[in-house]
Participant: 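I have a structure I would like to understand better, so I am pasting it below and will then ask my questions one at a time.
Throughout, protein chains are lettered first and strands after them, A, B, ... in sequence-line order, and every chain is numbered starting at 1. Treat the numbers as computed from the prediction; the structure is a model and nothing was measured.
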Amino acid sequence: MAEKLGGTTERASRPSGWRRDCLSGGFMSELIESHADLASLSKEERLARMRHSAAHVLAEAMVELMPGAELGIGPPIDTGFYYDFRLPRPLTNEDLAWLEERMRQSIAGHHPFQMASITKAEAAEHWKDQPFKLDLLSELDEGNVTQCTHAHFTDLCRGGHVNDTGDIPQSFKLMSIAGAYWRGSEKNPQLQRVYGALFETAEDLAAYEEHLEEARRRDHRRIGRELELFELVDEIGPGHVVWLPAGATIRRELSRWIEDLEIEQGYLHVHTPNVAKRELYVRSGHWDHYQDAMYPIMERDGEEYVLRPMNCPSHIMVYEAAQHSYRELPIRIAELGDMHRWEKSGELTGMSRVRIMTLNDAHIFCADTDQVALEVENVLRLMEHVYGVLGLKNYSYRLSLGDPDDHEKYVDNPPMWAKGEDLLRRVLTRVGLPFTEAKGEAAFYGPKIDVQFETAAGKDETLVTVQVDFHLPNQFGLEYIGEDGARHQPIIVHRGVISTLERMVALLIEEYEGNFPLWLAPTQAVVIPIADRHVAYAEEVAAELRARRLRVTVDSRNERMQAKIRDHQLKKIPYMLVVGDREAEANAAALRVRGGENLGAIPVADILARLVTERDTRALVP
RNA sequence: GCCCGGGUGGCGCAAUUGGCAGCGCAACCGAUUUGUAAUCGGUAGGUUAGGGGUUCGAGUCCCCUCCCGGGCUCCA
């Protein structure tokens, strides 16, 4: 509740942003809420009021459970609400059950929510034992503030409630207990956050829980283990991915594909070392900003080395290896190289957040902003192509801007920022891609376009970025010889498309639920002999497919055909070729598609043609 | 890194107030020779994450470390 009350604030006119920023919730439409006709509100607004009101009810229950509870904030969120508390002891699951039951009673009690306006001085007196409320109060302008009372519970709050607790649906559930820093800053005390899910109907709540269940089914960590794609083993270290043969096959196919696409687009692939002198990153500025997130220094014979956290400086060295004319630009340097970043232990997650990762990265050295615009446009088109082939849909573009007031985080050079931001905005508009803008999300040296993906679990992740960089060329004194014969400074475009192979494969596992399209599937087909006497023929069929570089195995285990089919179905193998007497006679195989469909006996030559076409066109479905 | 919750054969799980570490699947061996989602029988597999403590006795209680999960923070 950092806003002025009752007045016109910046946030009040920005409904899309209020949800995140709102401290104790609220709409600015009225100072003292009168009776609201909930049915006339939009569903979104009605839900927000229900959720925020539920947070009040949670706080009411908490104060009853622990009279010493200190109140933080309790806003609505996309799936419900949360409330932050500082408590004398850690919450338990039993507490959660008790709180939920107590909330249901309060809802059944139909207690009206009543707003009252009091002076700031009165509020300061009233909330003198609540340090977090006092902190909120300290940011409010002089004048009156509001607080909200229902039953015997009062909260400092700017509003946004339903009329009485009875308007809150019983279709809610307290989900989890989490730690959260006050005001989202590590420097502040950590509070205990209770998350609740709340929807208007029991059906909606059930659908949400089903959605969570679905996310668990798709979880790449689960599927990665079941399909033996990758492993994270203690002995090798957290965040250090071991790609098993099946996973490494997917990785290899993706790598070959993106490198071929880049070669078609005029990129030059290089290979640079995994280790470089610390001094290189001091010069680039990365050391200053990211040393805590780098592997520790290796020191020997008075020299200091680090594992490279990124390869911009290395590619700059490639550029500097020769003098360049304007005629050569743009020069596109690309590399699928390993990056090493000491992510905090709590940030590691499966393959989507790791410490050693292979990054699909490139640096495009441009002569001027016209060239930059053209190159960024080409990158965006390449992205659209790549994500289209992969069948990805749940992503969006974000223009990430700097923050002119934050000299700690960003290079201080306002004209440079304005130029870059304007340029990226223009290109996005020209290509016709919808995008949002976000202040304070840029790289330290320049603005960027981020591609944001929603994971199966519903979390927002940055897949790749495109950045315009005037800063590093300056740090390294890069130049090219212009048409006028004089020296000029190039501009660098940093870009990724596939992201890290780790994150992309994690994403694809969840997207496909392990059912990889044929071209990526580690094992593309299994030949299943019905009885021992068919094994030799099965091997012949497999050899024919392998001759066209299809990845095929023969299941000659001493098992019944049904058991083999079941096993390979669970392994999500795209095709099964069942061979018995009839098929051996006809040089055919009975083709079973992953979905379960049995196409019956088909000549091997036809099967071969079908699979090769499906693979070579990178078809998403058989 | 911080808060909370976890860690039992390869995987999924069980084990009463502290009292003989078990089950299913997978693996291996044998029998069976099978027509579109699990044939039958047998065998082997464990310092209960690691270390320390309490106890006659610890998977179980206490302490430390490591790792995993949910959040927070961060993400060049």
Participant: So, is A:Arg594 close to the B:U36 phosphate, meaning a side-chain N or O under 4.0 Å from OP1 or OP2?
Facilitator: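 Result: no.
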Participant: Could a donor-acceptor pair under 3.5 angstrom be found where the side chain of A:Glu583 meets the base of B:G35?
Facilitator: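 Answer yes: a donor N or O sits under 3.5 Å from an acceptor.
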Participant: Between the base of B:C75 and the side chain of A:Arg353, is there any donor-acceptor pair under 3.5 Å?
Facilitator: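 Such a pair is found, so the answer is yes.
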Participant: When all nucleic acid strands are considered with a 4.0 Å heavy-atom cut-off, which category describes A:Arg341: base, sugar-phosphate, or nothing?
Facilitator: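 It contacts base atoms.
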Participant: Please check: side-chain N/O of A:Arg218 versus main-chain N/O of A:Glu510, any donor-acceptor pairing under 3.5 Å?
Facilitator: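 The answer is yes, because a donor-acceptor pair under 3.5 Å joins these two groups.
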Participant: Once you apply a heavy-atom cut-off of 4.0 Å, does A:Gly600 come out as touching a base, just sugar-phosphate, or nothing?
Facilitator: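 Nothing, no nucleic acid heavy atom in range.
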Participant: Please measure how far the C1' atom in B:G9 lies from the corresponding atom in B:G5, and state the result in whole Å.
Facilitator: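 Those two atoms are separated by 25 Å.
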Participant: Of A:Gly596 and A:Thr349, whose nearest nucleotide on RNA chain B comes first from the 5' end?
Facilitator: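 Residue closer to the 5' terminus by nearest nucleotide: A:Gly596.
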Participant: With the threshold set at 4.0 Å, does a side-chain nitrogen-carboxylate oxygen contact exist between A:Glu441 and A:Arg398?
Facilitator: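 Salt bridge between A:Glu441 and A:Arg398, a charged N being under 4.0 Å from a carboxylate O: yes.
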Participant: Does the gap between the ring centers of A:Phe172 and A:Phe199 come in under 6.0 Å?
Facilitator: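 Ring-ring flag for A:Phe172/A:Phe199: false, centres at least 6.0 Å apart.
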Participant: Please test A:Leu191 against A:Phe85 for side-chain contact (heavy atoms from CB on, under 4.5 Å), starting from the C-alpha separation and ending with a verdict.
Facilitator: CA-CA 5 Å; A:Leu191 311 180; A:Phe85 306 94; 5.9 Å; no
Participant: Let's see if you can work this out: which of B:C4, B:U33, B:C68 has an atom nearest to the side-chain heavy atoms of A:Pro90?
Facilitator: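 Closest nucleotide to the A:Pro90 side chain: B:C4.
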Participant: Could you tell me the Watson-Crick or G-U partner of B:C2, where both distances fall under 3.5 Å? Say none if there is no partner.
Facilitator: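 Check on B:C2: paired to B:G71, both distances under 3.5 Å.
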Participant: Compare the minimum distances between each of B:G70, B:C2, B:A37 and the side chain of A:Gln190, then state the nucleotide with the smallest one.
Facilitator: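 The closest nucleotide is B:C2.
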Participant: Give a yes/no verdict on a cation-pi contact between A:Arg355 and A:Tyr295, requiring under 6.0 Å between NZ or CZ and the six-membered ring centre and an angle within 45° of the axis.
Facilitator: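 Pair A:Arg355/A:Tyr295 does not count as cation-pi.
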Participant: What integer number of Å spans the C1' atoms of B:A21 and B:A14?
Facilitator: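 The same atom, C1', in both gives a distance of 10 Å.
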Participant: Looking at A:Arg533, I'd like to know whether one of its side-chain N or O atoms comes within less than 4.0 Å of OP1 or OP2 on B:U34.
Facilitator: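 Indeed, a polar side-chain atom of A:Arg533 lies that close.
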Participant: In terms of side-chain heavy atoms of A:Met561, which of B:A37, B:A76, B:U34 is nearest?
Facilitator: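 Selected nucleotide (nearest to the side chain): B:U34.
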Participant: Tell me the interatomic distance from A:Leu348, atom CG, to B:C68, atom P, rounded to whole angstroms.
Facilitator: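 That distance rounds to 6 Å.
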Participant: Within the 4.0 Å heavy-atom criterion, would you say A:Lys571 contacts the bases, only the backbone, or no part of the nucleic acid?
Facilitator: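 A:Lys571: no heavy atom of the nucleic acid under 4.0 Å.
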Participant: Could you work out the separation of B:A15 and B:C20 based on their C1' atoms and round it to a whole Å?
Facilitator: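 The same atom, C1', in both gives a distance of 12 Å.
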Participant: Assign A:Ala180 to base, sugar-phosphate, or nothing according to its heavy-atom contacts below 4.0 angstrom with the strands shown.
Facilitator: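 A:Ala180: backbone/sugar contact only, no base atoms under 4.0 Å.
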Participant: Looking only at atom P, what distance separates B:C63 and B:G24, rounded to whole Å?
Facilitator: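 Nearest-Å result for B:C63 against B:G24 at atom P: 37 Å.
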Participant: Quickly work out the A:Asp555 CG to B:A38 P distance and round it to whole Å.
Facilitator: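 One finds 15 Å between P of B:A38 and CG of A:Asp555, rounded.
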Participant: Distance criterion of 3.5 Å, no angle test: do you see the side chain of A:Gln569 paired donor-to-acceptor with the base of B:U36?
Facilitator: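 Such a pair does not exist between side chain and base.
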Participant: Before accepting this row, confirm whether a basic side-chain N of the pair A:Glu597/A:Arg592 lies closer than 4.0 Å to the acidic partner's carboxylate O.
Facilitator: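 The answer is no: the pair does not qualify as a salt bridge.
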Participant: Which nucleotide wins on minimum distance to the side chain of A:Glu347, given the candidates B:A76, B:U34, B:C72?
Facilitator: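 Selected nucleotide (nearest to the side chain): B:C72.
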Participant: Quick check with a 6.0 Å cut-off and a 45 degree axis cone: is A:Arg193 positioned over the face of A:Tyr82's six-membered ring?
Facilitator: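 A:Arg193 over A:Tyr82 ring: yes.
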Participant: Does a nitrogen or oxygen in the side chain of A:Arg560 sit under 4.0 Å from OP1 or OP2 of B:U39?
Facilitator: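 Looking at the OP1 and OP2 atoms of B:U39, one of them is under 4.0 Å from a side-chain N or O of A:Arg560.
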Participant: Scan A:Gly285 against the nucleic acid and name what it touches under 4.0 Å (heavy atoms): base, sugar-phosphate only, or nothing.
Facilitator: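 If one applies the 4.0 Å heavy-atom cut-off, A:Gly285 turns out to touch nothing in the nucleic acid.
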Participant: So what does A:His289 hit on the nucleic acid, given a heavy-atom distance under 4.0 Å: a base, only sugar-phosphate, or nothing?
Facilitator: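 Contact class for A:His289: none.
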Participant: From C-beta outward on A:Tyr290, which listed nucleotide comes closest to its side chain: B:C68, B:A76, B:A37?
Facilitator: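 Nearest listed nucleotide: B:A76.
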Participant: Determine which nucleotide pairs with B:G41, using a 3.5 Å limit on both distances of a Watson-Crick or G-U wobble pair.
Facilitator: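 Pair assignment: B:G41 / B:C29.
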Participant: What nucleic acid atoms does A:Gln467 come within less than 4.0 Å of, heavy atoms only: base, sugar-phosphate, or nothing?
Facilitator: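 Answer is sugar-phosphate: A:Gln467 comes under 4.0 Å of backbone atoms only.
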Participant: Does A:Tyr181 contact B:G71 through a side-chain donor or acceptor facing the base, at a distance under 3.5 Å?
Facilitator: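 There is none.
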Participant: Can you check whether A:Thr272's main-chain N or O pairs, donor with acceptor, with A:Arg308's side chain at less than 3.5 Å?
Facilitator: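 Yes, the answer is positive, given that a donor and an acceptor are paired below the 3.5 Å cut-off.
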Participant: May I ask you to evaluate whether A:Tyr195 reaches the phosphate of B:C72, defined as a side-chain N or O under 4.0 Å from OP1 or OP2?
Facilitator: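 Yes, because at least one side-chain N or O of A:Tyr195 sits under 4.0 Å from OP1 or OP2 of B:C72.
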Participant: Indicate, yes or no, whether a donor-acceptor pair under 3.5 Å links the base of B:C2 to the side chain of A:Glu186.
Facilitator: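 When only heavy-atom distances are counted, A:Glu186 does not reach the base of B:C2 through any donor-acceptor pair under 3.5 Å.
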Participant: Pick the C1' atom in B:C66 and in B:G51, then give their distance to the nearest Å.
Facilitator: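 10 Å, rounded to whole Å.
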Participant: If you measure from the P atom in B:C29 to the same atom in B:G45, how many Å do you get, rounded?
Facilitator: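 Here B:C29 and B:G45 have their P atoms 16 Å from each other.
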Participant: Between B:G35, B:A76, B:U33, spot the one nearest the side chain of A:Ile530, thanks.
Facilitator: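 From the listed options, B:G35 comes nearest.
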Participant: Determine the interatomic distance between C1' on B:G53 and the same-named atom on B:A38; round to the nearest Å.
Facilitator: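 Going atom to atom, C1' in each nucleotide, I get 48 Å.
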Participant: Are B:A76 and A:Phe444 stacked, with the base six-membered ring and the side-chain ring centres under 5.5 Å apart and planes under 30°?
Facilitator: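 It does not: the two rings, one from A:Phe444 and one from B:A76, miss the stacking criterion.
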Participant: Using a heavy-atom cut-off of under 4.0 Å over every strand shown, decide if A:Asp234 touches base, sugar-phosphate, or nothing.
Facilitator: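 Sugar-phosphate only.
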Participant: With a 4.0 Å cutoff (strictly under), does any side-chain N or O of A:Lys187 reach OP1 or OP2 of B:U73?
Facilitator: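 Negative; the distance criterion is not met.
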Participant: Answer yes if the ring centres of A:Tyr445 and A:His494 are under 6.0 angstrom apart, and no otherwise.
Facilitator: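 Between A:His494 and A:Tyr445, which both carry aromatic rings, the centre distance is below 6.0 Å.
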Participant: When both hydrogen-bonding distances must be under 3.5 Å and the geometry is Watson-Crick or G-U wobble, what is B:G22 paired with, if anything?
Facilitator: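 B:C13 - that is the nucleotide pairing with B:G22, both distances being under 3.5 Å.
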Participant: Quick one: which of B:A76, B:U73, B:A37 gets closest to the side chain of A:Lys344?
Facilitator: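 Looking only at side-chain atoms, A:Lys344 lies closest to B:U73.
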Participant: Between A:Gln562 and A:Glu226, just flag the one whose closest nucleotide in RNA chain B comes earlier from the 5' side.
Facilitator: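 The residue mapped nearer the 5' terminus is A:Glu226.
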Participant: Could you work out which one of B:G70, B:G12, B:A38 sits closest to the side chain of A:Arg225?
Facilitator: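 The closest nucleotide is B:G12.
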Participant: Does the side chain of A:Ser176 get closer than 4.0 angstrom to OP1 or OP2 of B:G70 through an N or O atom?
Facilitator: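 So the side-chain polar atoms of A:Ser176 never come under 4.0 Å of the phosphate oxygens OP1 or OP2 of B:G70.
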